[in-house]
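Everything quoted here is computed from the prediction, not taken from an experiment. Reminder, nothing fancy here: chain letters follow the sequence lines and each chain counts from 1.
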2 protein chains.
Amino acid sequence: MNTEPAVAITARRASRQRTAVSAYLTRRTTFASAQEIHAALRESGEPVGLATVYRALQAMVEDGELDALRTDDGETVYRRCGTSHHHHLVCRECGRTVEVEAPDVERWATAVAAQHGFGDVVHTLEIFGVCDRH
Amino acid sequence: MNTEPAVAITARRASRQRTAVSAYLTRRTTFASAQEIHAALRESGEPVGLATVYRALQAMVEDGELDALRTDDGETVYRRCGTSHHHHLVCRECGRTVEVEAPDVERWATAVAAQHGFGDVVHTLEIFGVCDRH
DNA sequence: CCTGGACATGAGAATCATTATCAGGTGGCC
DNA sequence: GGCCACCTGATAATGATTCTCATGTCCAGG
């Protein structure tokens, strides 16, 4: 009999590299791409292989520690996040990001979906603008 | 004095290739990727170069004839669309798509942005679910 | 502590969508 | 018909991400 959860979360093992990636994202408050993180760590004298950065980021996203989000030009960017469901308000000039909750939107999305006979609903919502420091 | 609109829309010229791409998207009701369109046209005996498909799609998006949307796995998919601002409710099983309007969400997004001092706001919102034919 | 083996790393190759190049082709206005 | 700006398509280039595989290293159990 299988008593494992449907999606097993593989055990993670600590390592200098993962710690470095994690620490970098703790210091940083805006979204960062894998390439950026890789370059920054290399520069700060904590070299980590690019593939390793990608693996660390993937793992953290799976574990719900990070939000991932695709930019227009096809890069995926990451940012530490709170645990509850939320959306982002991002300044397109400086990257400053505010996490916002939108219970009404959640309700609306579910309702509209139901109205059209859709179930098992997820949604994406991001807001971009220019913040008052610009 | 410059009387041109800020973003000039370059003149388009008709051609068998553009017509083919356009016609394909008229027949089709779900989102399609450039690669898919390219393969489908080739198969139906109206070969069009891949680069040309990309160019045609880009042009149509600029002209507001198409909606473009990035999938999780990094492909951009296109679909003919109405002219007014709207969002999509997409079945992740069959791709069936419903265009929905969300005036409340628009207002909400603008308000939240303003609250945090953000201006010049745009937003993205897509809903994915499973439709009742599954 | 010591060790085995599962897990992690990293350099480079591979993938894959998209974009750039550039030498010809062709709409459409005169 | 003729001009020429715009189009096309084969192919190369790009760039992010993933894969490969040989080697390193956590850490539970002894």
Side-chain angles (χ1 to χ4, degrees), chain A residues 4 7-25 30-63 65-79 95, chain B residues 4 7-25 30-63 65-79 95:
Chain A
E4 294 296 307
V7 176
I9 294 199
T10 332
R12 312 289 179 204
R13 189 176 280 178
S15 78
R16 174 183 68 76
Q17 291 86 339
R18 296 209 172 178
T19 306
V21 172
S22 179
Y24 180 78
L25 282 169
T30 57
F31 281 94
S33 71
Q35 310 272 352
E36 262 181 293
I37 297 170
H38 176 247
L41 291 179
R42 161 159 308 195
E43 192 149 330
S44 73
E46 293 195 283
V48 177
L50 182 55
T52 302
V53 171
Y54 275 103
R55 279 185 292 239
L57 291 172
Q58 255 175 222
M60 295 173 82
V61 168
E62 269 172 37
D63 294 352
E65 290 178 57
L66 297 185
D67 284 337
L69 146 55
R70 240 175 223 283
T71 64
D72 278 349
D73 55 331
E75 263 191 64
T76 303
V77 290
Y78 304 86
R79 178 174 181 276
Chain B
E4 293 298 303
V7 177
I9 294 198
T10 333
R12 313 287 180 204
R13 189 176 282 179
S15 77
R16 174 184 67 77
Q17 292 87 338
R18 296 210 171 173
T19 306
V21 171
S22 179
Y24 179 78
L25 282 169
T30 57
F31 281 94
S33 71
Q35 310 272 351
E36 263 180 289
I37 296 170
H38 176 247
L41 291 179
R42 161 158 311 197
E43 192 149 331
S44 74
E46 293 195 284
V48 176
L50 182 55
T52 302
V53 171
Y54 276 103
R55 280 185 291 237
L57 292 172
Q58 256 175 220
M60 294 173 81
V61 169
E62 269 172 36
D63 294 351
E65 289 177 57
L66 297 184
D67 284 337
L69 147 54
R70 237 173 226 285
T71 64
D72 278 351
D73 56 332
E75 258 192 356
T76 304
V77 289
Y78 304 86
R79 177 175 181 276

* Structure fact -> Ranking R18(B) and R42(B) by the position along DNA chain D of their nearest nucleotide, the one closer to 5' is R18(B)

* **E36(B) CD to Y24(B) OH distance, which is reported to the nearest 0.5 Å** => 6.0 Å

* Asked: So what is the end-to-end bend of the helix from dC1(C)-dG30(D) to dC30(C)-dG1(D), with 5 pairs used at each end and the value given to 10 degrees?
  -> 30°

* Do the side chain of T19(A) and the main chain of S15(A) share a donor and acceptor less than 3.5 angstrom apart? -> yes

* Structure fact -> E62(B) CD to dC6(D) P, in whole Å, measures 14 Å

* Structure fact -> Each nucleotide of nucleotides 22-28 of chain D classed B (base within 4.0 Å of a protein heavy atom), S (only sugar-phosphate) or -, in 5' to 3' order, makes ----BS-

With a cut-off of 3.5 Å and sequence neighbours excluded, list every side-chain donor-acceptor pair involving residues 46-59 of chain A.
from, atom 1, to, atom 2, distance (Å)
T52(A), OG1, R55(A), NH2, 3.4
Y54(A), OH, Q35(A), NE2, 3.1

* To do: Could you tell me whether a side-chain N or O of R79(A) sits under 3.5 Å from a main-chain N or O of L66(A), the two making a donor and an acceptor?
  => no

* **Partner of F31(A) under side chain to side chain contact (heavy atoms under 4.5 Å, CB included), chosen from T71(A), L25(A), V77(A)** => V77(A)

* Asked: How would nucleotides 13-24 of chain C be written as a contact map, 5' to 3', with B for base contact, S for sugar-phosphate-only contact and - for no contact, using protein heavy atoms under 4.0 Å?
  -> ----SBBBB---

* Phosphate oxygens OP1/OP2 of dA8(C): is one of them under 4.0 Å from a side-chain N or O of Q17(A)? -> no

* For E75(A), what residues pass the salt bridge (charged side-chain N to carboxylate O under 4.0 Å, His left out) criterion, not counting sequence neighbours? -> none

* To do: Would you mind checking if E65(A) and R12(A) are paired as a salt bridge, meaning a charged N to carboxylate O distance below 4.0 Å?
  => no

* To do: Please state how far atom CG in L57(A) lies from atom P in dT9(C), giving the value in whole angstrom units.
  => 12 Å

* **Between P of dT18(D) and NE2 of H38(A), the distance in whole Å** => 15 Å

* To do: Could you tell me which residues satisfy side chain to side chain contact (heavy atoms under 4.5 Å, CB included) with A68(B), sequence neighbours excluded, listed by chain and number?
  => V61(B), T76(B), Y78(B)

